[in-house]
Participant: 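Would you mind keeping the following structure in view while I ask a few things?
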Amino acid sequence: MKRTHTCGALRQSDAGKEAVLFGWVASRRNLGGCVFLDLRDRSGITQIIVDPQESAGCMAAASELRPEWVIGVAGTVRSRGANANPRLPTGAVELLARDIQVFSRSEVPPFLIEDGVDAREELRLTHRFLDLRRPEQNARLQLRHRLVQRVRRLLDREGFLEIETPVLIKSTPGGARNFLVPSRLQAGSFYALAESPQIFKQLLMIAGFDRYAQIVRCFRDEDLRGDRQPEFTQVDLEMSFVAPADVFAVVEQILQEMFEEALGVRPERPFRIMPYAEAMERYGSDKPDTRFGLELRDVTETVRAHGGGGVEMLQKALADGGRVKALAVPPELPLSRAELDGLEEKVKEMGGRGLTRAKVAADGSWTQTPLAKRISPELRLALNGALEAKADTALLFQFGPARQVNTILGGLRLLLGQKFSLVKPGTHHLLWVVDFPLFERSEETGAIVASHHPFTAPHPDDLDHLESDPLSVRARAYDLVLDGVEVGGGSIRIHDSETQARIFKVLGISDEEAREKFSFLLQALRLGAPPHGGLALGLDRLVMLLAGASSIREVIAFPKTQKGQDLMSGAPAPVSPAQLEELHIAPVGQKNQ
RNA sequence: GGGGCCGUAGUUAAGCUGGUUAUAACGCCGGCCUGUCACGUCGGAGGGCGCGGGUUCGAAUCCCGUCGGCCCCGCCA
């Protein structure tokens with residue numbers, strides 16, 4: 001028996017042909033006199049009919065069949081006429097069985113292999129090969145394949161060379177925690193699994209490859225989330241002799257290709273560009289979801305003009321150089337007192353002190369607020385005006401340091417957007433966020449650290465105050481944001497050793513330390529480095545968004561759980577003392593309580 | 001490191017203010033049925049409630065601990 005068609009192939013025009021289909025029994029409907037089977041493979045489902053008049057030889061075999069048995073069926077394609085099933089692409093025809101061959105029987109599977117089942121994820125992950133057999137799961141990986149092919153073809157057309165970079169590399173400071181791999185040949189030394197090919201792709205530019213791209217696995221030993229796995233895939237690229245606009249042009253075309261393949265629409269180029277400062281001011285996020293409004297409103301000057309309106313906490317916030325901002329939640333989005341209390345809890349979770357709020361009454365007075373009796377009527381009315389408050393508008397205030405105010409209100413904005421379903425289903429917004437700060441102050445240590453990575457080029461206009469006011473220096477860095485999710489990021493890199501040395505100095509990295517950690521890169525920068533820059537796209541996140549999947553795990557064939565385990569294979573797992581010995585590793589033993 | 005939700009037949013869930021034989025649907029097994037496609041129909045089997053302690057005359061139900069899954073904060077240059 002040899003397969004002639006796949007289970008998604010047959011159409012009305014094939015009626016009358018002989019055909020042989022191989023696949024899995026998706027369902028069996030035994031009507032006593034005849035048996036209907038749904039035969040499934042990755043391409044679709046075809047109905048098989050076993051009719052004793054025509055299929056005498058295989059009637060007995062057909063009634064033995066059970067779901068997930070793997071069989072081959074030979075027979076004649078026949079039109080279903082009035083019995084056609086419009087919900088199946090193959091629904092106009094059926095295969096009239098003449099011969100059935102059983103290749104493999106199946107035990108009763110632990111969950112039903114069909115779309116829409118909600119077996120708990122834990123179970124699906126332990127039997128991932130069955131979960132992937134479900135058409136919708138299978139289709140997601142097929143989509144991922146097609147997206148990757150489109151990207152590869154485009155990159156090839158645009159002159160990018162696909163060059164592989166090492167996975168086993170030297171551990172570098174800063175950034176994500178590395179997975180370590182002990183060296184057998186060098187006792188006591190370790191490789192790190194690459195968290196990205198960053199330095200290598202820069203070296204490829206210095207080597208003169210001009211345009212490099214790679215679809216590459218990256219590893220980060222950090223805590224997991226719905227959109228974060230310990231190993232994940234980037235579309236990584238780097239270009240020589242470019243400005244950000246050149247990188248944008250390529251990446252925007254990649255996104256156009258992906259959108260076209262997944263959704264059948266090409267987003268318009270060029271994409272919107274938003275400075276980091278604007279994103280933070282208006283949306284309270286460096287990855288704003290611009291699919292809905294409810295923007296943050298700055299009322300600092302209004303409050304200042306009224307001297308704080310007699311409210312001590314506002315006066316103090318202003319005196320400390322803080323800001324006053326608000327969300328004005330219109331009456332169409334009604335918030336009960338209990339819901340407002342719930343939001344206040346969220347504010348505290350986000351590190352805020354509390355949520356000062358007010359409900360605006362028809363006459364402009366405020367209720368449900370601790371401010372009611374303290375705030376001057378003049379300031380209250382001015383705020384009503386500035387915030388365009390109508391009757392029953394809820395005002396949610398934050399005041400204090402700009403960063404905290406923005407972040408908290410941005411968090412509330414997202415919560416409200418979700419709560420009130422403010423995003424119209426099916427809408428997608430792509431934008432570039434640019435002009436990130438080059439440095440930020442570490443909250444843990446108070447030290448100045450690189451926001452992106454230490455090879456990011458400073459904005460040329462800010463070079464004169466690199467040392468005197470480093471925190472105000474902008475980076476030539478950019479993120480690509482899709483629907484409020486960071487799906488890519490990159491920068492123009494430093495290509496001269498003088499600037500690189502200045503950056504290391506600001507970061508407090510000594511010459512000695514820099515030489516030790518990055519000597520090869522520093523040397524390369526002194527031996528003819530072209531101006532260059534690039535970006536990496538998070539392939540898993542992009543596929544997730546384009547597939548409408550709820551987590552990154554749905555678009556990865558064999559993902560890990562939040563604790564980094566592969567429930568199917570059981571990784572990670574202990575190894576034998578002999579293996580450790582060979583690697584010169586000695587367990588430190590369990591910590592005693 | 002922290003906060004939240006969850007764990008009951010093969011599966012998904014109900015039961016959880018403690019009290020006879022733990023309930024339903026789907027699946028599974030068997031009978032009947034020639035146009036089903038969530039086939040129908042009749043009948044049947046199947047769990048002691050993640051695990052370990054405790055309280056109680058009595059624990060899916062209350063308490064403590066623990067394991068696992070998910071969401072979130074921190075973390076992720």
Side-chain angles (χ1 to χ4, degrees), chain A residues 26-39 45-55 59 63 66-68 78 80-88 90-91 94 96 107-127 130 172-178 195-196 198-199 218-230 232 345-352 407-408 411 414-415 436-440 442-444 448-456 475 477 486 489-491 503 507 536 538 550-551 553 560-563 565 567:
Chain A
S27 83
R28 174 184 55 110
R29 295 176 293 279
N30 189 341
L31 304 229
C34 70
V35 177
F36 292 99
L37 301 171
D38 285 344
L39 197 64
I45 283 181
T46 301
Q47 173 166 287
I48 312 293
I49 178 165
V50 187
D51 182 330
Q53 307 269 312
E54 319 270 353
S55 321
M59 194 57 194
S63 33
R66 289 295 181 275
E68 304 313 317
R78 177 165 102 169
R80 289 172 66 171
N83 290 319
N85 183 348
R87 279 178 300 181
L88 284 181
T90 63
E94 62 193 357
L96 178 60
E107 295 175 9
V108 176
F111 52 88
L112 264 49
I113 310 303
E114 60 186 29
D115 288 350
V117 299
D118 51 348
R120 75 180 39 141
E121 191 168 4
E122 195 176 344
L123 187 74
R124 291 167 49 205
L125 288 174
T126 58
H127 304 275
L130 290 179
T172 50
R177 187 181 295 114
N178 290 131
E195 64 189 58
S196 84
Q198 183 59 39
I199 292 178
C218 302
F219 305 87
R220 293 179 188 177
D221 189 8
E222 295 292 346
D223 286 357
L224 275 30
R225 288 284 192 285
D227 61 356
R228 271 157 43 184
Q229 282 275 303
F232 62 100
E345 279 308 305
K346 295 287 183 186
V347 169
K348 288 177 177 165
E349 284 171 29
M350 290 186 276
T407 306
I408 288 172
L414 289 180
L415 284 171
F436 281 84
L438 185 61
F439 304 108
E440 58 194 28
S442 164
E443 303 215 354
E444 284 172 51
I448 286 185
V449 295
S451 316
H452 187 51
H453 58 56
F455 319 116
T456 304
E486 180 195 332
S491 62
I503 298 292
L507 289 171
S550 52
S551 97
R553 295 184 300 276
K560 293 178 176 57
T561 67
Q562 199 162 50
K563 288 194 177 162
Q565 301 206 80
L567 293 180

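Order of the sequence lines fixes the chain letters, A, B, ..., with proteins taken first and strands second; residue numbering starts at 1 for each chain. Computed from a prediction, not measured in an experiment: that's the story for all the values here.
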Participant: For a quick check of understanding: with a heavy-atom distance under 4.0 Å over all strands, which category does A:Ser550 fall into, base, sugar-phosphate or nothing?
Facilitator: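 If one applies the 4.0 Å heavy-atom cut-off, A:Ser550 turns out to touch nothing in the nucleic acid.
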Participant: Can you tell me, in whole Å, how much space there is between the C1' of B:G46 and that of B:C28?
Facilitator: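 One C1' to the other, the span is 9 Å.
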Participant: Regarding A:Glu440, tell me which of base, sugar-phosphate or nothing describes its non-hydrogen contacts under 4.0 Å with the strands shown.
Facilitator: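 Contact class for A:Glu440: none.
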Participant: What verdict does the salt bridge (Lys or Arg N to Asp or Glu O under 4.0 Å) test give for A:Glu195 and A:Arg177, after you've listed the backbone C-alpha separation in whole Å, the side-chain angles of each residue and the deciding distance to 0.1 Å?
Facilitator: CA-CA 8 Å; A:Glu195 64 189 58; A:Arg177 187 181 295 114; over 6 Å; no
Participant: Quick check: on RNA chain B, is the nucleotide nearest A:Gln562 upstream (toward 5') of the one nearest A:Leu123, or the reverse? Name the residue that is more 5'.
Facilitator: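 Final value for this comparison: A:Leu123.
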Participant: B:U11 and B:A38: how far apart are their C1' atoms, nearest whole angstrom?
Facilitator: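 Per the computed distance, 16 Å lies between those C1' atoms.
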Participant: Which pair of heavy atoms, one from A:Ser451 and one from A:Pro437, lies closest together, and at what distance?
Facilitator: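 Here A:Ser451 and A:Pro437 meet closest at OG-O, 2.9 Å.
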Participant: Please check: side-chain N/O of A:Arg228 versus main-chain N/O of A:Asp223, any donor-acceptor pairing under 3.5 Å?
Facilitator: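 Such a contact is found between A:Arg228 side chain and A:Asp223 backbone.
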Participant: Using atom P of each nucleotide, how far apart are B:U23 and B:G15 to the nearest Å?
Facilitator: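 Looking at atom P only, B:U23 and B:G15 are 15 Å apart.
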Participant: Give A:Arg66 one of three labels, base, sugar-phosphate or nothing, depending on what nucleic acid heavy atoms sit under 4.0 Å from its own.
Facilitator: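 Answer is sugar-phosphate: A:Arg66 comes under 4.0 Å of backbone atoms only.
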Participant: For B:C73, does OP1 or OP2 lie under 4.0 Å from any side-chain N or O of A:Arg225?
Facilitator: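 Yes.
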Participant: With rounding to the closest Å, how many angstrom separate the P atoms on B:C29 and B:A45?
Facilitator: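 These two P atoms come out 16 Å apart once rounded.
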Participant: In whole Å, measure the gap between the P atoms of B:C57 and B:G18 for me.
Facilitator: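 The answer is 15 Å between these two P atoms.
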Participant: Considering only atom C1', compute the distance from B:C5 to B:A9 and round it to an integer number of Å.
Facilitator: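 Pairwise C1' distance, B:C5 against B:A9, rounds to 24 Å.
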Participant: Stacking between A:Phe111 and the base of B:U11 (centre distance under 5.5 Å, interplanar angle under 30°)?
Facilitator: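 No; by the centre-distance and plane-angle rule, A:Phe111 does not count as stacking on B:U11.
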Participant: Whether the side chain of A:Thr126 engages the backbone of A:Leu567 through a donor-acceptor N/O pair (distance < 3.5 Å, no angle test) should be reported.
Facilitator: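 It does not hold such a pair.
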Participant: Run the salt bridge (Lys or Arg N to Asp or Glu O under 4.0 Å) test against A:Asp51 and tell me which residues pass, sequence neighbours left out.
Facilitator: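 Partners of A:Asp51 by the salt bridge (Lys or Arg N to Asp or Glu O under 4.0 Å) criterion come out as none, since no residue qualifies.
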Participant: Can you find a side chain N or O atom of A:Arg87 that sits less than 4.0 Å from OP1 or OP2 on B:A38?
Facilitator: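 A:Arg87 to B:A38 OP1/OP2: side-chain N or O found under 4.0 Å.
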Participant: Given the C1' atoms of B:C49 and B:A13, what is the spacing between them in whole Å?
Facilitator: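 These two C1' atoms come out 13 Å apart once rounded.
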Participant: Is the phosphate of B:G10, meaning OP1 or OP2, less than 4.0 Å from a side-chain N or O of A:Arg120?
Facilitator: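 No, outside the criterion.
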